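One structure below.
Chain letters run A, B, ... following the sequence lines, proteins first and then strands; every chain starts at 1. This one's a predicted model, so the numbers in the text were calculated from it and none came from an experiment. The analysis underlying the following values was restricted to heavy atoms, covering all of them including side chains, and did not include hydrogens, waters or symmetry mates.
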Amino acid sequence: MLLKRFLLRYYPPGIILEYEQAKQIKTKSIDLLELSPETDIDSLLDDISRREPLITPNRMGQVRQLIIKLQTKLSKKDDHKFYLFKVLRAHILPLTNVAFNKSGSSFITGSYDRTCKVWDTASGEELHTLEGHRNVVYAIAFNNPYGDKIATGSFDKTCKLWSSEDGKCHHTYRGHTAEIVCLAFNPQSTLIATGSMDHTAKIWDVEKGTEVRTLSGHTAEIISLSFNTTGSHIITGSFDHTVALWDVHAGRQVHTLIGHRGEISSAQFNFDSSLVVTASMDKTCKLWDVRNGQCVGTFSGHEDEILDVVFDSTGQHIASASADSTARVYNAVTQACVTKLEGHEGEISKVTFNSQGTQILTASADKTARLWDPVTGQNLQVLEGHTDEIFSCSYNYEGNIIITGSKDNTCRIWR
Amino acid sequence: MGLLELLRKLKASPSHEIRVLLLGLDNAGKTTILKSLAGEEVSKVTPTQGFNIKSVKQEKWNLNVWDIGGQRNIRPYWRNYFENTDVLIYVIDSADRKRLDETGLELTELLEEEKLQGVPLLIFANKQDLLSAAPPGEIADSLGLNDIRTRTWQIQACSAMSGEGLEHGMNWVLKTCSKPK
């Protein structure tokens, strides 16, 4: 094995090693999820050199520089104030979901008007309209980190794959017998997974445009789906109150996470894919051990249905959003409630951390999106302007641009 | 409401729920009817650019009423909402005689939609409080309602502003839907 070069990953912090083995270039990552500006470099370096044979003593200087770079980035004070940059009015019906590409240079919006639009973030100009679906475009995704492809899932029961560069449709995936409501690319961008109201999830081949397999087992609609960080497993959350963990390549159900007493609204892996967090209409969130499928914690406290739940990029914190118009932040390790985010005057349907984990964004039926300090719970800003409820919101990777998609048919860029 | 709630409403309705689709030309009074049914203030209603959904409790029934904007440019999108419809309510501005033909054409197209085959139809002949309103009999003739053979239908004179006639119409909806499908 021969180390070729280092690559930096800012969020979550890590160093990627590119190396040669048997004439093949491979990569592996040293995850530094707990790195902070205060971390003692020398002891960290000791630790790394003990754990990682690829890093020989003569490389230690380089690694030290990389860690200093990561720490500098982490210690950057973040007092960015957002203002409304553009109102995009090209859709003629309500928006569904919105998503950025990795660099944040462009983003996509899905709509009840059956199109997905590709936008240039810097100018707010419409780059492409992806036309062809015969019903609502609900689920959308870029194949990040590459960003050259877009997948759209529609109420017309099909999924389409598009080039983000020229807006051309490469493939139409047919097979679901009801609306497609969630989808994701695997991290390698070789597969797309779709979840449907027909109770199944399907896996499709990006290159060939064919169905790879169907994941059957749920007894009600699948409304949430995500890959783990390596792409080896998928979780599907269903209205049948359970979450299923699937081995992607074997197509086998590994565990069923049973315990919620209401429909699942959201399910997500943490970064190292050891835990899954789930949110339910039963007013609780649960934390699960991926290895054995056992519930290791229940977060109660919300007074109404929980509509969304997320980990921050390092997996250390969890945020939940509820119909009780509050959001809550939990420590994923101690499972303690860190703070409660109060101020919205309507249900909160989406919650997300910025990549740095230093800020939380919530979208609400009260027509506002709000920014919060995840430690103190302080409301930092109210993003006002939409004239109807906000359905979706997203930060770019850098955390300095926000997009919001609303029932008022507009998308707004805040920066 | 939120996107998730939209998905829950999209599911085939459980036995005690009725999914009602409210369609008609712009300015027919669909949103006013929706608000009136939900017991809300009807004075401030603006043109619907997308849709409004409200759950209305009547007796043991939960009516999920979908009010879809009727402007010409968004009419082609009505079909987004056809799935699992239990009752179609078509609203007509009885005082807008100039557009009776136009609304008739839209209705004819709707009734030809495969996904709405056999779905019971209630016509609200709205705005009967206006002097120039056409009586329901004249509207039924103009729409050719008497030629409908493949579904149950009813025409009901009403005024969304005063609420008159709405209850009658909704009683017909409940009666029709509580029969075994």
Does the side chain of [X] reach to within under 4.5 Å of the side chain of [Y], using non-hydrogen atoms?
X	Y	value
B/Arg8	A/Ile223	no
B/Leu6	A/Tyr138	no
A/Leu307	B/Glu5	no
B/Leu10	A/Glu179	yes

Pick from A/Lys407, A/Glu347, A/Arg114 with the largest number of heavy-atom pairs that fall under 4.5 Å of chain B: A/Arg114

Most chain B-contacting option - heavy-atom pairs closer than 4.5 Å, from A/Glu305, A/Arg134, A/Met281: A/Met281

To the nearest 0.5 Å, what is the distance between [atom1] on [X] and [atom2] on [Y]?
X	Y	atom1	atom2	answer
A/Asn135	B/Glu83	CG	CD	7.5 Å
A/Met197	B/Leu7	CE	CG	5.5 Å
A/Ser349	B/Leu4	OG	CG	9.0 Å

B/Gln71 versus chain A, the contacting section by heavy-atom distance below 4.5 Å: neither

Mutual orientation of the aromatic rings belonging to A/Tyr112 and B/Tyr81 [parallel < 30°, tilted 30-60°, perpendicular > 60°]: parallel

Relative to chain B, which segment of [X] carries a heavy atom at a distance below 4.5 Å: side chain, backbone, both, or neither?
X	value
A/Asp156	neither
A/Asn409	side chain
A/Phe155	side chain

Heavy-atom pair with the smallest gap, counting every atom of B/Gly50 and A/Pro94: CA-CD, 3.6 Å

Smallest separation among heavy atoms of A/Thr96 and B/Leu3, with atom names: O-CD1, 3.6 Å

Would you say [atom1] of [X] has more than 12 non-hydrogen atoms from neighbouring residues, nucleotides or ligands within 6.0 angstrom?
X	atom1	value
B/Arg79	CZ	no
B/Gln117	CD	yes
B/Glu113	CD	yes
B/Glu102	CD	yes

Exam field: side chain A/Glu389 to backbone B/Gly2, donor-acceptor pair closer than 3.5 Å: yes

